[in-house]
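Taking it in order: structure first as structure tokens, then the write-up.
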Amino acid sequence: KEFSAGSSAAMPCPTPMARELTALTQLAGHPASIECYGTVAGERPVLVLSWCSEGALDPERRWSPSELAQLGAQVADALAVLHGRGLVHGDIKPHNLLRDRWGLVRLADFSLTCPTGAPSAPECSPRHAPPEQLDGGPLSPSADLAALAATLFHLAEGRPPLDRGDGTEALVARRRAGALEAPPASGLRVTWLGHATALVDLDGARVLTDPVWSERVSPAEWMGPRR
């Protein structure tokens, strides 16, 4: 992955590459994270990452209930690690979820990842981010969870929540106004159950998740007892 030499003074970590390295270090060895094998210095520095031959998840294909339940559980577990270490991914969307040749889903692109409480980056995906992130509010684990739910909806329905085919600006306006999406025809439900578990439910296929890689039994770093 190649980076420009520029940096964003508005974000706590000085460069996208530094943010990426910080997150990948925290997720090293996690089955739902890409692996970093090294760096190459230069005018345009490079991160050498594991290759995901199947590419990004395609919202146009038909995702089965069991596939969505499993990938939702995998990504939620990786997010729990980040949140437990005081970090927020900041840009969950189908394009940032990759599949390797064995079909495993890998969370990718940590260039907007920052500490909890940092200002939201304007570069985040407006089609999946929650209203508080679109308004530049402080990042929190709940922003990632809301974006993951929007991503699962997108994969299940072929469109992001509140998308009426009238453009991104109209979608964002509805989200900021607090509009609610009708229950998806696929029957998708993502429910966070107290401090310990999350339930991904789609057409009767259920996966109960427990973020076993995190320091706490919780999808958020400020909830639940330490392990």
Side-chain angles (χ1 to χ4, degrees), residues 32 34 52-79 82 88-100 103-113 120-137 139-193 198-207 209 219:
I34 55 174
C52 293
S53 60
E54 301 303 304
L57 302 188
D58 181 8
E60 300 300 321
R61 64 157 281 190
R62 175 62 179 173
W63 292 90
S64 72
S66 60
E67 285 178 314
L68 288 176
Q70 291 291 340
L71 75 87
Q74 293 169 26
V75 176
D77 196 80
L79 289 176
L82 282 184
V88 179
H89 183 280
D91 197 24
I92 302 296
K93 57 185 178 182
H95 185 74
N96 287 340
L97 302 179
L98 311 179
R99 294 185 88 185
D100 62 22
L104 296 176
V105 175
R106 307 280 185 159
L107 181 60
D109 193 355
F110 301 90
S111 57
L112 299 184
T113 298
S120 299
E123 299 91 345
C124 68
S125 169
R127 305 178 75 202
H128 304 90
E132 64 271 20
Q133 191 172 0
L134 294 173
D135 292 335
L139 284 170
S140 69
S142 62
D144 278 349
L145 303 185
L148 175 58
T151 295
L152 292 174
F153 184 103
H154 191 168
L155 295 172
E157 300 296 302
R159 62 176 178 84
L162 303 178
D163 188 335
R164 305 286 186 264
D166 49 1
T168 299
E169 289 187 7
L171 182 157
V172 169
R174 282 190 287 271
R175 188 164 295 158
R176 282 176 164 155
L180 298 177
E181 179 63 77
S186 61
L188 172 69
R189 300 290 185 275
V190 180
T191 308
W192 301 108
L193 304 175
L199 179 68
V200 181
D201 185 348
L202 185 58
D203 286 343
R206 291 187 172 190
V207 173
T209 72

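Note that the structure is predicted; figures quoted are calculated from it, not measured. Only this structure's heavy atoms are used, side chains among them; waters, hydrogens and symmetry mates stay out. When a residue number appears, it is its place in the shown sequence, counting from 1.
- Atom CG of Leu97 is separated from atom CG of Asp58 by 12.5 Å, given to the nearest 0.5 angstrom.
- No side-chain heavy atom of Pro141 sits under 4.5 Å from any side-chain heavy atom of Leu79.
- Between the side chain of Glu54 and the main chain of Gly103, no donor-acceptor pair closer than 3.5 Å is present.
- Taking the side chain as every heavy atom from C-beta outward, Glu123 and Ser111 never approach each other to under 4.5 Å.
- Distance check, rounded to the nearest 0.5 Å: CZ of Arg159 to CD of Glu60 gives 12.5 Å.
- Shortest non-hydrogen contact noted between Asp144 and Asp91 is OD1-N, 4.5 Å.
- Within the 4.5 Å cutoff, the side chain of Thr168 has heavy atoms near those of the Arg127 side chain.
- Shortest non-hydrogen contact noted between Ala150 and Pro161 is O-CD, 3.6 Å.
- Atom CZ in Arg106 sits 12.0 Å away from atom CZ in Arg99 (nearest 0.5 Å).
- Of all heavy-atom pairs between Leu98 and Ala108, the closest is CD1-CB, 3.8 Å.
- The closest side-chain heavy-atom distance from Leu107 to Ile92 is below 4.5 Å.
- Contact detail for Leu57 and Pro59: the closest heavy-atom pair is O-CD, 3.3 Å.
- Of the inter-residue distances, the one linking His128 atom NE2 with Asn96 atom CG reads 10.0 Å to the nearest 0.5 angstrom.
- Nearest approach of Leu152 to Leu68, heavy atoms of both residues: CD2-O, 3.9 Å.
- Using a 4.5 Å heavy-atom threshold, the side chains of His89 and Leu148 count as separate.
- Looking at Leu71 and Leu155, their side chains come closer than 4.5 Å, going by heavy atoms from C-beta outward.
- Between Ser125 and Lys93 the shortest heavy-atom distance is CB-CD, 3.5 Å.
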